[in-house]
Protein chains: 2
Amino acid sequence: MQIIIAKSAGFCFGVRRALELVEAALNAEEKSPIFSLGPLIHNPTVVKGLEAKGLHVVNQIEEVPEGRVVIRSHGVGPGIYQYAKEKNLEVIDATCPFVKNVHQLAVLLKKEGYQLIIIGEREHAEVKGVLDSAAGEALIVSSPTELEQMNLELKVGIISQTTQDINNFQQIVCQIVKRTKECRVFNTICLATSKRQQEVAELSKQVDLVIVVGGKNSANTCRLAEIAANNGTLTYHVESAAELQTDWFQDKKVVGITAGASTPDSQINAVVEKIKSLGGIISD
Amino acid sequence: MQIIIAKSAGFCFGVRRALELVEAALNAEEKSPIFSLGPLIHNPTVVKGLEAKGLHVVNQIEEVPEGRVVIRSHGVGPGIYQYAKEKNLEVIDATCPFVKNVHQLAVLLKKEGYQLIIIGEREHAEVKGVLDSAAGEALIVSSPTELEQMNLELKVGIISQTTQDINNFQQIVCQIVKRTKECRVFNTICLATSKRQQEVAELSKQVDLVIVVGGKNSANTCRLAEIAANNGTLTYHVESAAELQTDWFQDKKVVGITAGASTPDSQINAVVEKIKSLGGIISD
């Protein structure tokens, strides 16, 4: 049984940077307590590991009494920075630079008089943060169907959650363009995301089975599994090697493996090792 | 046999305005010779009528020795105005305001560093004029297929020939959006055009036969005929009532009639009268 591992599997730049910033803060001489506003990444195993090293996870900034607060790679809106400043909290800003760019574009588009449209999931932390940068004034669209019910102005500006699916983004923009006079579109899907999506789409056509490794609460990981499954390939999304079932691999000739942007190499390797123990051989 | 006449059939604002400007110039006390740069509208009958009243048609501005030159509703680029100024020709500018807007946007987008894309037909006078306003620096795209072979920059600005089909425009923009980082789209399709296209699309579904009246050299008229035919309805494009053939109407219950933006009411009425003589009754 052949194993093909997607080249783009695992940590993206923003996640790697956030983890490095946090490791540095945990190891620094500075000993004030350190909090992360929300789990640092959508991977429960990694989060537990950091908690063991002293990173406290809170859900609201108001739960941080003092010390240092880590803004995770998803980013937050201006209200959070304001609060931290007022409470003299030290901010460790691990917002991914690509996400910062989305915030800046939101502000620019509002300033230039566009109706702002964010293509993304309204409950996702990244989208909530960008909406906050736009003072709450934006339409959030997750699908072309949702768009049908919305009133659009004649001049709209479009940005995207960095982990959106490029095809969904394209379909939504396609519908908007027909209904407006001016449409300024920034394709802010992160390249790491789109490469990963493209690679799993191609991989799923070459294999009998796809294993996607990553947190069940990781939107970008779920999307990879969706893409593979939508191509008609048997696909399983697992958080750890322990979830793998032997019968999945029966009679399979080629297995493809990828992983979301918040999946550490250790988790990917554990999954690969388990599949090797079932007879898999890695392709070069 | 029922006759349904599209409400949007016939002259658009730009054409009506051009004809009014020319009629006023022909009737003015000023007696210097008056030339039109290209046939005023794409309707041979109307053009012949104006020639009889003293409007000389030329193909190149260099053919105008003196006097007054009419710029027709399709518009021209800066080179023409410059030449006229140098030769002391009086310009009667009948460029449609909607076309002027496309020129202004072309200049704006170039100035702001966008790669300019004009969605339109490269041989059409309107497109040539806009290209000239962009100093010849623009991609002209008439279909999504053509686009596949083109190199796009990361920041593109899109405008459209005013008489483009909205679905073609949408499909091209849809492809571009996926290949760029920033895409600024101005839907410059004239409302009169899109209403006319929408109406013929709906009309063609309600009738057994569509008659489209207008110059064979009128791009927007040809497009109306295409739209009706593409919906699977028997469609004929005629320039005059004389082209109508009796057998077209045999066994037809409902006939739809529309006309391009350069078709005078007299031509539409002549066609309607001919069809009435074959048993047609106008629906309210």
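None of these values were measured; they are calculated from a predicted model.
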*Asks:* With a 4.0 Å cut-off, would you call B/E121 and B/R223 a salt bridge?
*Replies:* yes

*Asks:* Can you tell whether the side chains of A/R179 and A/E153 come within less than 4.0 Å, N to carboxylate O?
*Replies:* no

*Asks:* Relative to chain B, which segment of A/I189 carries a heavy atom at a distance below 4.5 Å: side chain, backbone, both, or neither?
*Replies:* backbone

*Asks:* Checking heavy atoms, do the side chain of B/V177, its backbone, both or neither come under 4.5 Å from chain A?
*Replies:* both

*Asks:* Salt bridge between B/E182 and A/R184, side-chain N to carboxylate O under 4.0 Å?
*Replies:* yes

*Asks:* Below 4.5 Å from any heavy atom of chain A, which atoms of B/T180 appear? Answer side chain, backbone, both or neither.
*Replies:* backbone

*Asks:* Measure distances from B/Q175 to the heavy atoms of chain A and classify the residue's part below 4.5 Å as side chain, backbone, both or neither.
*Replies:* both

*Asks:* Is the closest side-chain donor-acceptor distance between B/H103 and B/S133 under 3.5 Å?
*Replies:* yes

